[in-house]
Amino acid sequence: MKKFEGNLLSKGIAKGKLKIIEANSKNCDYSFEDFEKAVDELKVKYEKYEDDYLMQSRALMLEDEEFLNFIKDKFDKTKNIFKSLDAYYDYAKELFSQLDDDYLKERIHDIKDLVESVKLKLSNEDIELGENTILYMEDMSASLFIENRDKIAGLLTKKGSYSSHVAILARTFKIPMLTNIDVENNLDGKEIYLDALEENSFYVEPDDEFIKKFKEKEISYNKMVKELEEFKNKKIIYKNNEIKFKANIGSVEESEIIEEIDGIGLLRTEFILFDREKAPDYKEQKEIYQTISNNLGKKEIVLRTFDIGGDKQIDYLKLPKEKNPFLGKRGVRLYEEEKVHKLVEDQIESLFELSKEGHNFKIMIPMVSNNREVNRFFEEFIKPKQEKYNIKIPFGIMVETPSMALSFDKNTNIDFISVGTNDLTQYTLAVDRTNDEISDLYDYFDEGVMELIDIIIKKAINKGIDVSFCGESAAIPEMAKLLIEKGVKTLSMSYSNIPEVKKYLYHNL
Amino acid sequence: MENLAFEVKNEEGFHIKPLTNLSKKLKGIDADVVINANGKESNIKSVLGVLALGIKKGDKVEFKISGKEEQKAKDIIVEMEKEGFEN
């Protein structure tokens with residue numbers, strides 16, 4: 001038995017035949033007629049997807065005369081179709097980079113996908129997938145996935161990220177997907193066992209014992225998935241109160257797939273700052289928040305201001321390195337730094353603008369240690385905007401330090417709190433949550449931690465401050481139950497965890 | 001030639017989805033449609049061209065429609081505009 005490990009992009013378990021697909025650019029003496037034929041065939045195929053606008057748009061792009069002329073032109077010069085296609089992509093990239101709208105800028109992925117699809121078509125004549133195929137590609141193509149969705153049991157890639165289009169589709173359709181995988185070409189066509197539940201690995205030629213266990217796991221997982229589907233929209237009532245389930249998200253893409261939800265309980269905004277060369281400007285920030293809000297039908301969104309520093313570093317902000325970053329300058333403590341100050345200023349301003357336009361935001365600040373910090377933030381960032389726009393936006397804090405847990409109720413500027421149990425546990429126990437050596441000490445159910453949680457909830461209820469929980473532990477069914485019994489009415493967690501928690505609560509509350 | 005001007009209502013602007021929907025409806029109709037926005041223009045047959053106009057919500061766009069069936073094309077666009085080019 002051979003084992004190959006990767007990183008998880010979509011959970012699941014499946015057995016299937018491995019199909020390795022390469023867009024072979026080394027051997028590419030294709031003629032222009034080959035290209036035209038490939039385009040025609042793809043077009044016919046895409047047009048069959050009458051209800052899928054993504055596929056329809058691909059068909060449209062394939063008959064774009066400008067596209068065809070561009071390729072013809074380049075081909076006459078280079079005699080190389082692949083290079084001509086790459087040139088078209090570069091040309092589009094250049095064109096799109098001049099746009100000042102981020103949503104439109106992102107459409108460059110559509111062009112990339114188109115170009116890759118044509119290349120694939122050329123180098124693989126026809127990709128005929130059998131039933132239960134586990135597909136391997138260096139970089140997965142979204143249209144290939146949509147075309148073959150019924151036949152694909154699993155996906156493996158070399159490159160890929162959690163927020164890529166394909167990964168989101170895979171999670172939506174509950175197809176297991178791993179990335180960071182290298183396969184050997186001689187595995188093509190082999191039966192493989194993909195376990196993206198516990199192992200994040202796939203196996204070749206396992207023994208009978210393994211196969212038996214794998215099958216059991218597969219059956220019980222599929223049964224569970226089916227059951228959970230029923231609980232997705234179930235109402236959970238406790239003592240005549242409906243418990244609200246909100247989602248934690250940290251990307252625009254996630255806001256696209258979420259449906260039937262009571263709102264966003266935690267919008268982590270740091271994602272805007274990562275993977276780029278320089279800081280975003282006001283306009284860009286506003287557009288991102290607007291897009292997310294629109295995707296959610298303007299439901300309530302608790303937006304957490306930038307939580308950077310600690311384990312989340314960003315090069316262009318040039319923040320000083322620290323010996324002990326978890327206890328150093330992170331979260332709100334960084335907002336005095338000039339560059340960060342400007343980012344937060346823009347962030348708050350855009351939220352007031354959007355609220356004025358009917359969007360439903362709440363503002364929450366991370367990593368505060370005492371009420372002085374909370375009040376300083378309020379005076380500096382919130383109050384001036386309240387006066388300028390003549391509206392109020394609910395303002396609250398993350399409770400993640402024991403000091404705030406014991407003192408937030410003395411603050412008159414806050415309307416709500418959300419308890420971040422990851423950091424609260426870490427700081428209460430003085431246990432680094434990223435250190436595997438001491439992971440047994442990192443316990444959400446620790447007596448002291450639970451006592452502190454109890455105090456928080458009581459204080460909040462006494463003072464009429466809204467309290468919700470948004471840490472990972474809120475998604476542990478037993479913890480969710482405890483919190484609800486203590487009086488919590490709102491839980492926020494990863495979208496995909498909600499059905500499981502609801503199911504447990506439905507039977508055990 | 002027929003002209004048509006309106007303000008874009010789609011939250012995400014006038015991009016690939018509205019364009020796809022529009023092109024589907026105009027297929028087979030003998031008319032040439034050019035969009036003018038933000039001081040630039042593009043034939044709607046050029047996908048990149050239209051995307052590069054960068055049309056956002058609230059932008060004013062002008063359609064110039066010419067050809068044998070320009071009236072028919074115009075009617076279709078007027079009808080679709082009411083629905084925000086969503087279908």
Side-chain angles (χ1 to χ4, degrees), chain A residues 46-47 49-70 88-111 113-115 252 256 283 286-288 290-298 354 357-359, chain B residues 7-61 63-67 73 76-77 80-81 83-87:
Chain A
Y46 292 168
E47 277 171 347
Y49 292 82
E50 280 183 13
D51 299 326
D52 191 320
Y53 108 83
L54 186 101
M55 300 304 256
Q56 288 286 332
S57 73
R58 295 293 186 273
L60 185 73
M61 288 153 92
L62 286 170
E63 51 186 49
D64 183 349
E65 277 166 33
E66 199 188 43
F67 165 64
L68 301 171
N69 289 337
F70 186 100
Y88 181 72
Y89 173 65
D90 289 339
Y91 164 68
K93 216 159 70 177
E94 174 65 30
L95 211 59
F96 281 31
S97 71
Q98 292 157 15
L99 297 173
D100 55 0
D101 182 315
D102 271 290
Y103 186 83
L104 287 171
K105 266 186 193 163
E106 273 183 41
R107 297 305 101 197
I108 190 67
H109 298 305
D110 291 319
I111 311 290
D113 191 60
L114 179 83
V115 164
V252 177
E256 286 167 6
K283 205 163 158 262
K286 187 183 161 190
E287 276 165 10
I288 291 171
Q290 183 172 10
T291 305
I292 292 175
S293 171
N294 285 334
N295 285 343
L296 289 152
K298 296 190 180 171
L354 288 167
E357 294 166 18
H359 295 270
Chain B
E7 203 171 281
V8 173
K9 287 183 288 204
N10 300 47
E11 286 293 345
E12 282 150 358
F14 194 90
H15 58 96
I16 203 152
K17 191 172 185 177
L19 179 63
T20 303
N21 292 337
L22 178 63
S23 301
K24 258 163 65 185
K25 292 262 168 72
L26 290 179
K27 213 166 194 171
I29 291 175
D30 188 359
D32 222 30
V33 181
V34 171
I35 305 186
N36 187 316
N38 301 325
K40 293 177 281 185
E41 65 175 33
S42 168
N43 192 300
I44 66 158
K45 280 186 187 148
S46 162
V47 180
L48 272 194
V50 175
L51 290 180
L53 295 177
I55 304 172
K56 296 189 290 287
K57 185 188 178 185
D59 283 354
K60 293 202 171 53
V61 295
F63 283 80
K64 293 179 191 161
I65 312 150
S66 54
I76 289 173
I77 300 173
M80 288 188 77
E81 198 272 326
E83 307 265 311
F85 297 96
E86 278 300 317
N87 296 296

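Given the structure is predicted, the values throughout are model-derived calculations rather than measurements. Naming: A, B, ... by sequence-line order, numbering from 1 per chain. Values reported hereafter were calculated over all heavy atoms of this structure, with side chains retained and with hydrogens, waters and symmetry mates removed.
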Trainee: How close do B/Glu7 and B/Gly58 get, counting heavy atoms only, and between which atoms?
Mentor: CG-O, 3.3 Å

Trainee: So, using ring-ring contact (aromatic ring centres under 6.0 Å, His included) as the criterion, who are the partners of A/Tyr89 when residues are at least two apart?
Mentor: none

Trainee: Do the side chains of A/Ile111 and A/Met61 get nearer than 4.5 Å, heavy atoms only?
Mentor: yes

Trainee: Between A/Phe67 and chain B, with a heavy-atom cut-off of 4.5 Å, which part of the residue counts as in contact: side chain, backbone, both or neither?
Mentor: neither

Trainee: Taking the side chain as every heavy atom from C-beta outward, state whether A/Lys286 and A/Glu357 have any atom pair closer than 4.5 Å.
Mentor: yes

Trainee: Would you say the side chain of B/Glu81 lies within less than 4.5 Å of the side chain of B/Lys9, judging by non-hydrogen atoms?
Mentor: yes

Trainee: Salt bridge check, B/Lys27 against A/Glu47: does any charged N sit closer than 4.0 Å to a carboxylate O?
Mentor: yes

Trainee: Side chain, backbone, both or neither: which part of A/Asn295 has a heavy atom under 4.5 Å from chain B?
Mentor: side chain

Trainee: Can you name the residues of residues 40-48 of chain B that have some heavy atom under 4.5 Å away from a heavy atom in chain A?
Mentor: B/Lys45, B/Ser46, B/Val47, B/Leu48

Trainee: Take B/Lys60 and B/Asn38 through the side-chain contact (heavy atoms from CB on, under 4.5 Å) test and state the conclusion after the steps.
Mentor: CA-CA 8 Å; B/Lys60 293 202 171 53; B/Asn38 301 325; over 6 Å; no

